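The model shown is predicted, which means the values in this text are computed figures rather than measured ones.
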Amino acid sequence: MCTKAHSGAWAPEAGSGQTILKYESTRSTLDFDGRGRRTRGKPASEAAVSQWREQGLSDQLTVQTKVSVVEGRFVETNPYSGEDLHFAYWGQGPIEVGARYAVVQGERTAMAVYGGAIIDGVGRNIFYAPPGRGSVDWELRVLAGRSMQVLGREAFGEVQAARLFRSGVADEMRVDATVGVEVARAWQVLIQTYAGRAERDYAKPLWLKGEASIVRRLGSWRVQAGWRQTLTGRHVPADRGPVVAVWRDF
């Protein structure tokens, strides 16, 4: 079922799992100011190749990891001379390690809790902060999903709420939502939103990102292509870019 294959609230069976190889590229020349208005910003870009993997240790406990390589460029203004300084970086991105426990695992409804760590990389560990900010972060997340049929098609909806305890930068609250519909045999459309707010930061950045993609199933493989961009926010870049991924169930 498309519902269980693409939603984190559902746990894989013991010994099985999924791996995703993903390419993401973002670019921005505009920022959202403190009133949510688009203003001219410093140009910035970043490209990342990541591998995400989950595997069931039991029917309720799942471990997941994510590693990545990033390359980016950004511009900052020298506060003394007013001159624009150009920087570039390349290397290891953030590393994520954690475990998810299935609290409810029904045929149509699932709930889970997740706990994990995020180890900083060379690039933007937080998309609204300069590269190099941050250290080891801790994350607690609650996931709830429900599968259904829409006009005879399999579909699912999922909501995730998370609290990130960050080192060197403000803690964050996040709410992510996903809706997936199998529009044709072996074809699925995903609509996702990613909302967040930084706590105790003088600027209190907040954001809402949107992503639309289509997924083609090829046996145990899937191919995904889509587009993600920041829809609105305060004190964050108005970045946007493509998402391409290859999924494999095992």
With the 4.5 Å side-chain cut-off for hydrophobic clustering, are [X] and [Y] part of the same group?
X: Ile95; Y: Leu164; answer: no
X: Val104; Y: Val113; answer: yes
X: Val142; Y: Val159; answer: no

Point to revise | Counterpart residues, side-chain contact (heavy atoms from CB on, under 4.5 Å), relative to Trp138 (two or more places apart) | key: Ala117, Val136, Phe165
Point to revise | Partner set under side-chain contact (heavy atoms from CB on, under 4.5 Å) for Arg248, not counting sequence neighbours | key: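 By the side-chain contact (heavy atoms from CB on, under 4.5 Å) rule, Arg248 matches Thr19, Trp221, Phe250.
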**Study point:** Test side-chain contact (heavy atoms from CB on, under 4.5 Å) applied to Asp176 and Arg141, Glu158, Gln192, the passing residue
**Key:** Arg141
Check your understanding: Going by the angle between their ring planes, with limits at 30° and 60°, are Phe156 and Trp10 parallel, tilted or perpendicular?
Key ->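 Phe156 vs Trp10 ring planes: perpendicular.
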Where is the tightest heavy-atom contact between [X] and [Y], given as atom of each residue plus distance?
X: Gly145; Y: Ala9; value: N-CB, 3.7 Å
X: Ala11; Y: Gln105; value: N-OE1, 2.8 Å
X: Phe32; Y: Gly233; value: CB-O, 3.2 Å
X: Thr230; Y: Arg38; value: O-NH2, 4.0 Å
X: Val70; Y: Ala48; value: CG1-CB, 3.7 Å
X: Pro237; Y: Asp31; value: CA-OD1, 3.4 Å

Exercise for review: Would you indicate whether Arg234, at its atom CZ, is surrounded by more than 12 heavy atoms from other residues, nucleotides or ligands within a distance under 6.0 Å?
Suggested key: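 12 or below, so no.
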Side chains of [X] and [Y] in contact at under 4.5 Å (non-hydrogen atoms):
X: Arg174; Y: Trp207; value: yes
X: Trp52; Y: Lys22; value: no
X: Val183; Y: Val189; value: yes

Check your understanding: Who else is in Tyr23's hydrophobic cluster (ILVMFWY, side-chain heavy atoms under 4.5 Å, direct or via others)?
Key ->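 Result for Tyr23 is Leu21, Val49.
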If I take atom [atom1] from residue [X] and atom [atom2] from residue [Y], how far apart are they, to the nearest 0.5 angstrom?
X: Tyr194; Y: Arg228; atom1: OH; atom2: CZ; result: 4.5 Å
X: Arg240; Y: Leu30; atom1: CZ; atom2: CG; result: 7.0 Å
X: Glu96; Y: Glu139; atom1: CD; atom2: CD; result: 6.5 Å
X: Arg100; Y: Glu54; atom1: CZ; atom2: CD; result: 4.5 Å

Review point. Per the side-chain hydrogen bond (donor to acceptor under 3.5 Å, both in side chains) rule, which among Lys209, Gln229, Arg27 passes with Asp239?
Key: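 Single pass found, and it is Lys209.
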**Study point:** Check ion pair Arg108-Glu154 (N to O, under 4.0 angstrom)
**Key:**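 Looking at Glu154 together with Arg108, the answer is yes, because their closest N to O distance falls below 4.0 Å.
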